Amino acid sequence: MNIRQLLTDKVQAAMIAAGIPEECGPVVAPAKKAGFGDYQANGAMAAAKRMGTNPRELAAKIVEQLDKGEMIEKAEIAGPGFINLHLSEQWLADQLSAAESDSRLNVAAEGEPQTVVIDYSSPNLAKEMHVGHLRSTIIGDALARLLEFQGHKVIRQNHMGDWGTQFGMLLAHLSDKLEKNDAEVALADLEVFYREAKIRFDEEEGFDDRARDYVVKLQSGDPKCLKLWQQFIDISISHSEEIYDKLNVTLKRSDVYGESRYNPDLPVLVDELLEKGIAVRDQGAVVVFLEEMADKEGNPSPMIIQKRGGGYLYSTTDLAGIRYRANKLHADRILIVVDARQSLHLQQAFTAARKADFLPESVTLEHCAFGTMMGEDGKPFKTRTGGTVKLADLLDEAIERAQKLVAEKNPDLDAAACAEISRKVGIGAVKYADLSRTRTNDYVFNWDAMLSFEGNTAPYLQYAYTRVRSIFRRAGLEPAELTGAITLKTPEERALAIKLCQFGEVLEQVARDTYPHVLCGYLYDLSSAYMAFYEACPVLKEGVSEEDKQSRLRLCDLVARTLSTGLDLLGIEVMEKM
Ligand code: ARG
């Protein structure tokens with residue numbers, strides 16, 4: 001159920017009945033201030049301007065035509081022509097009852113499900129996974145969960161960087177280690193392995209030539225070399241999987257579709273673009289000149305798809321990827337979750353793919369860009385010594401820090417319970433700190449802020465959940481045992497009811513716009529509405545009528561379920577106690 005959509009449909013119908021042209025939208029949104037109804041329709045002003053009439057009079061005509069049905073209690077005109085819409089209490093209570101008996105909480109599944117390909121995480125296997133991949137992994141996974149919940153067919157694509165010249169030095173180093181029989185040990189810590197290979201490449205006489213030789217062999221498909229490469233890739237993927245497990249991320253090995261998978265298609269693709277006249281040879285390289293993206297002087301934006309000497313590039317693979325996803329995976333929508341600094345690259349790839357007719361026009365290409373994770377010093381996040389932060393270490397530190405907090409808050413927990421809760425709190429804090437920021441912005445990574453039990457944080461929401469659940473323990477009741485009707489007598493109950501009913505429209509918004517912070521903001525507001533309700537409306541206190549108690553407990557249960565469902569869509573776990 002989507003209140004906003006239902007009201008939009010009603011007001012739109014009234015506008016048409018009032019003789020307003022169909023293109024004039026009703027502009028319905030939740031009311032920003034108390035006392036102005038629950039929702040507002042603000043479309044009368046723009047429509048009046050267009051029709052050259054008085055906006056208040058036009059608003060009155062719309063209200064006259066409005067079919068209020070069971071949903072709308074009253075519609076009032078305010079200011080220059082706002083229409084304030086008050087929802088009926090009975091209708092709200094009915095919606096909540098429907099949510100109670102529905103495992104989807106009265107959130108309708110998408111009527112026209114799409115196939116959505118989401119490219120996320122996508123680390124480069126010739127390097128250690130770094131914090132940039134953390135953001136992509138967290139944001140991408142939240143979007144995948146949410147779109148799946150909405151009923152879409154989601155295809156996860158872990159576009160791992162598993163190919164390229166950097167593998168030369170790694171393979172040369174690996175073959176030496178294998179000869180000495182200590183490859184297993186060396187690969188246990190990839191960070192060290194990469195570093196050793198790089199040092200040898202930079203310093204050791206002759207090693208660079210051997211590395212280059214390996215690149216040539218790899219590219220020409222030398223079986224021995226490919227076997228070595230495969231060995232390295234397998235181990236690298238296992239390292240990523242450890243991170244995914246720890247992070248509670250849904251990516252599986254079967255979601256890996258690395259750059260190397262596109263190798264056979266790259267020469268075909270380049271030939272095709274040359275034939276179509278979309279790419280041209282330029283100083284030995286093959287280039288697509290994009291007039292569509294010309295600069296101020298009118299110079300087209302150049303996108304190299306084959307280097308002089310024949311090598312292919314990141315851009316070539318991305319073009320092949322778009323074509324594969326649209327035509328083989330039959331995507332309706334392709335999301336690529338990657339750093340905002342890759343905007344130009346992706347815009348070029350999208351423009352070239354359209355120009356080459358690689359995908360039906362109806363398929364959308366979306367770059368879900370995100371900003372940089374910064375340290376306290378306002379510079380990109382690094383270790384104290386300026387190195388890249390190992391993700392595994394970062395996550396371990398989160399859990400360790402959470403453990404201290406959890407032990408302080410609840411000293412009676414046994415060790416196993418404490419460890420389990422700390423894992424959920426620590427990982428939840430890292431993920432939520434990322435997801436709750438507008439993803440396109442940079443943000444400062446701050447342990448104390450993300451682990452705080454106050455404010456818009458994971459621990460705050462997880463704690464709110466445990467508090468709601470504890471009421472049922474105190475009442476000695478299970479939600480399934482509740483009887484009676486939901487009544488919304490006080491303003492706090494009413495405000496909470498409306499918040500609960502907005503879950504569906506928030507999910508629809510995030511599914512459409514791909515900004516998870518909107519869901520975070522909603523869950524935070526829901527918790528705040530719950531706190532206000534809890535202050536004002538006693539649930540288990542003596543003197544509360546049985547009828548009120550039952551009704552309020554039912555609201556509590558819906559809050560708990562909405563919080564846990566919402567957090568789960570963000571990839572964050574809840575617990576009964578903390
Ligand atoms: N491996 C790339 C990187 O680490 C990210 C890949 C994103 N996906 C894509 N189709 N370009 O920067």
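Side-chain atoms are counted along with the backbone in the values below, which use heavy atoms only and exclude waters and symmetry mates. Since we're looking at a predicted model, the values are computed, not measured. For ligands, and for the atoms within them, numbers begin at 1 and follow the listed sequence.
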List the closest protein heavy-atom neighbour of [atom]: residue, atom name, distance to the nearest 0.1 Å.
{"atom": "atom 12 (O) of ligand 1", "answer": "Gln342 NE2, 2.8 Å"}
{"atom": "atom 3 (C) of ligand 1", "answer": "Asn124 ND2, 3.7 Å"}
{"atom": "atom 4 (O) of ligand 1", "answer": "His133 NE2, 2.8 Å"}

Atoms of ligand 1, numbered as shown, that sit under 4.0 Å from any heavy atom of His159: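 Reading through ligand 1 atom by atom, the close ones are 8 (N), 9 (C), 10 (N).
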Ligand-residue contact atoms, ligand 1 with Asp119, heavy atoms, under 4.0 Å: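 By the 4.0 Å cutoff, the relevant atoms are 7 (C), 8 (N), 9 (C), 10 (N).
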Carboxylate-amine/guanidinium proximity below 4.0 Å for [X] and [Y]:
{"X": "Lys252", "Y": "Asp255", "answer": "no"}
{"X": "Arg145", "Y": "Asp141", "answer": "yes"}
{"X": "Arg439", "Y": "Asp513", "answer": "no"}
{"X": "Glu291", "Y": "Lys355", "answer": "yes"}
{"X": "Lys246", "Y": "Asp396", "answer": "yes"}

Asp339 contact mode with ligand 1 (heavy-atom cut-off under 4.0 Å):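 It is neither part, as no heavy atom is under 4.0 Å.
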Thr317 and ligand 1 - part of the residue with a heavy-atom distance under 4.0 Å: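 Thr317 to ligand 1: no contact under 4.0 Å from either part.
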NZ or CZ of Lys217 within 45° of Tyr214 ring axis and under 6.0 Å: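 That pair qualifies as a cation-pi contact.
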Whether Tyr314 lies under 4.0 Å from ligand 1, heavy atom: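 In this structure, Tyr314 qualifies as a contact of ligand 1 - some heavy atom is under 4.0 Å.
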Whether Met160 lies under 4.0 Å from ligand 1, heavy atom: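 No.
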Distance-only N or O hit between ligand 1 and His345, under 3.5 Å: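 No: no nitrogen or oxygen of His345 is under 3.5 Å from one in ligand 1.
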Candidate list Asp318, Asp357, Asp265, test side-chain hydrogen bond (donor to acceptor under 3.5 Å, both in side chains), partner Arg323, passing option: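 Among Asp318, Asp357, Asp265, the one that satisfies the side-chain hydrogen bond (donor to acceptor under 3.5 Å, both in side chains) with Arg323 is Asp265.
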